[in-house]
Amino acid sequence: MNQSEVHALPVTLTLTVPVFNEAETIAGFLQKMTEVFAPHPAIKVDFVFVNDGSTDETLSTLLACQQQDARITVVDLSRNFGKEAAMTAGLNVAQGQVVVPIDVDLQDPPEVILEMLQLWQHGFEVVLGRRINRDSDSWAKRTTASWFYKIHNKISKPKLPENVGDFRLMDRVVVDALLTLPEAHRFMKGLFAWVGFRTAVVDYVRLPRTAGTTKFNGWSLWNFALEGLTSFSTEPLRIWTYVGMLVSGLSILFAGFIIIKVALYGADVPGYASLIVAVTFLSGLQLVGIGILGEYLGRTYIESKRRPVYLVRRLYTAAGK
Ligand code: UDP
Ligand code: MG
């Protein structure tokens, strides 16, 4: 494929960037973007930064950068709504023919976007960035992530491609389709997969953060995983019918066994241990079942309020735009 020829085609590209306490990473990010896209004048790049309730100098840094660079739009959210909501805000404001959500910490190398654009020009509406290494993640994060994908893909439709994050190129039709989805709980990975469209994959090496620290800890990732499972599968609800049937079936067999035993050998009093085990096991099972019902009920409850996904304090577009 001839790269220079392909990139001579004019295209408007919006990069949507959620930022939460990232004052120290923004300048490096913009610098890198300029380096990567300057040799390709046919690609008209603009940036939508979504300030997700940062408590540091993020907003003022962004506004200062906007003074120098009219390609920057800043959406200031009223508080921290989380990365999924911030990404939705970015997609809502993005104007480009193609849109790429990207993290500000440069873990996703922007050179990959050039490869993605080539595939887009060959007719793909979605181009996924798939990381071929997870070295930048801890062992625990790698293992739990791989379990999550295994479980999720067993019980949910559509399946999530493994090792694919939010870094992807989307055509305008895909972005518009995503924006029609009404849910308030936005598990973006799942929604991205749900909308479908002609999809290609580009492999890349995910780098360590340029500066700052990760905003996700173990507990937030666990909740994120629950969000994913409950948003795209009702199997955890349905499984209890079968667990219940299995346990009752076994109890009936056990009852039959006891009746025969008593008939043959008479009643014996011991059995305290097995009784306690059965009682505690079954109450545990019931509590888990109720807990899972609660997960879904809670989500239905929140969803039924129909609150907006995020609130904007102010939208800053560059002067002269
Ligand atoms: N982020 C956000 N809101 C949040 C948490 C994170 O907008 O509540 C942004 C963050 O500023 C960064 C991106 O989401 O641009 C990815 O965050 P991070 O690098 O901490 O995640 P990781 O790469 O460790 O998964
Ligand atoms: Mg990161």
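When every heavy atom of Ser304 is checked against every heavy atom of Tyr301, the shortest pair comes out as OG-O, 2.6 Å. Residues Glu115 and Val202 approach most closely at OE1-CG1, 3.3 Å, considering heavy atoms. Ala94 approaches Val48 most closely through the heavy-atom pair CA-CG2, 4.2 Å. Looking at every heavy atom in both residues, Pro109 comes nearest to Tyr204 through CD-CD1, 3.4 Å. Pairing each heavy atom of Gln97 with each of Pro10, the nearest pair is OE1-O, 4.3 Å. Gln66 and Thr317 make their closest contact through NE2-C, 3.4 Å (heavy atoms, listed as atom of the first residue, atom of the second, distance).
The shortest side-chain heavy-atom distance between Met170 and Pro101 falls under the 4.5 Å cut-off. The side-chain heavy atoms of Ile151 and Lys154, taken from C-beta on, include no pair separated by under 4.5 Å. In this structure, the side chains of Leu191 and Glu84 stay at 4.5 Å or more apart for every pair of heavy atoms. Under the 4.5 Å side-chain criterion, counting only non-hydrogen atoms from C-beta, Gln95 is not in contact with Asp46. Here the side chains of Arg206 and Phe167 are not in contact, with every heavy-atom distance at 4.5 Å or above. Between Phe37 and Ile113 there is a side-chain heavy-atom pair separated by less than 4.5 Å. Two residues are said to be in side-chain contact when any heavy atoms from C-beta on lie closer than 4.5 Å; Ile155 and Ile239 fail this criterion. Looking at heavy atoms from C-beta onward, Leu59 lies in side-chain contact with Tyr316 at the 4.5 angstrom threshold.
Atom CZ of Phe254 has 12 or fewer neighbouring heavy atoms from other residues, nucleotides or ligands inside a 6.0 Å radius. The number of heavy atoms from other shown groups lying within 6.0 Å of CZ (Phe197) is above 12.
To the nearest 0.5 Å, atom CG of residue Asp103 and atom CG of residue Leu15 are 12.0 Å apart. To the nearest 0.5 Å, atom OG1 of residue Thr55 and atom CG of residue Asn80 are 9.0 Å apart. Interatomic distance, Asp76 CG to Leu63 CG, rounded to the nearest 0.5 Å: 8.0 Å. Tyr265 OH to Ile260 CD1: the interatomic distance, rounded to the nearest 0.5 Å, is 10.5 Å. In this structure, the separation between CG on Leu297 and CD1 on Ile292 is 13.5 Å, given to the nearest 0.5 Å. From Leu77, atom CG reaches atom CG of Leu315 across 10.5 Å, with rounding to the nearest 0.5 Å.
Grouping the Ile, Leu, Val, Met, Phe, Trp and Tyr side chains by contacts below 4.5 angstrom, directly or via other members, places Leu117 with Val127. Cluster membership check: Val99 does not share its hydrophobic cluster with Tyr310, using side-chain heavy-atom separations under 4.5 Å among Ile, Leu, Val, Met, Phe, Trp and Tyr. Tracing side-chain contacts under 4.5 Å through hydrophobic residues (I, L, V, M, F, W, Y), one reaches Phe49 starting from Val36; they form part of the same cluster. A single hydrophobic cluster is seen to contain both Val243 and Leu237, as judged by linkage of ILVMFWY side chains at heavy-atom distances under 4.5 Å, directly or through other members.
For Arg79 and Phe81, the positive end sits near the middle of the six-membered ring, less than 6.0 Å away and at most 45° from its axis.
Test Val104, Leu30, Thr16, Thr73 against Phe47 for side-chain contact (heavy atoms from CB on, under 4.5 Å) and you get one pass: Leu30.
Although no hydrogens or angles enter the test, the distance criterion places no donor-acceptor pair under 3.5 Å between the side chain of Asn163 and the main chain of Arg130. Under a 3.5 Å cut-off, the side chain of Thr58 and the backbone N or O of Ala23 do form a donor-acceptor pair. A donor-acceptor pair is defined here as one N or O able to donate and one able to accept, closer than 3.5 Å; such a pair exists between the side chain of Asp171 and the backbone of Val173. Side-chain N or O atoms of Ser54 include none that pairs as donor or acceptor with a backbone N or O of Asn51 at under 3.5 Å.
A tilted orientation is assigned to the rings of His152 and Phe148, their planes being inclined by 30° to 60°.
For Glu125, the salt bridge (Lys or Arg N to Asp or Glu O under 4.0 Å) partners at least two apart in sequence or on another chain are Arg198.
Clustering of Ile, Leu, Val, Met, Phe, Trp and Tyr by side-chain heavy atoms under 4.5 Å joins Ile259 with none of the others.
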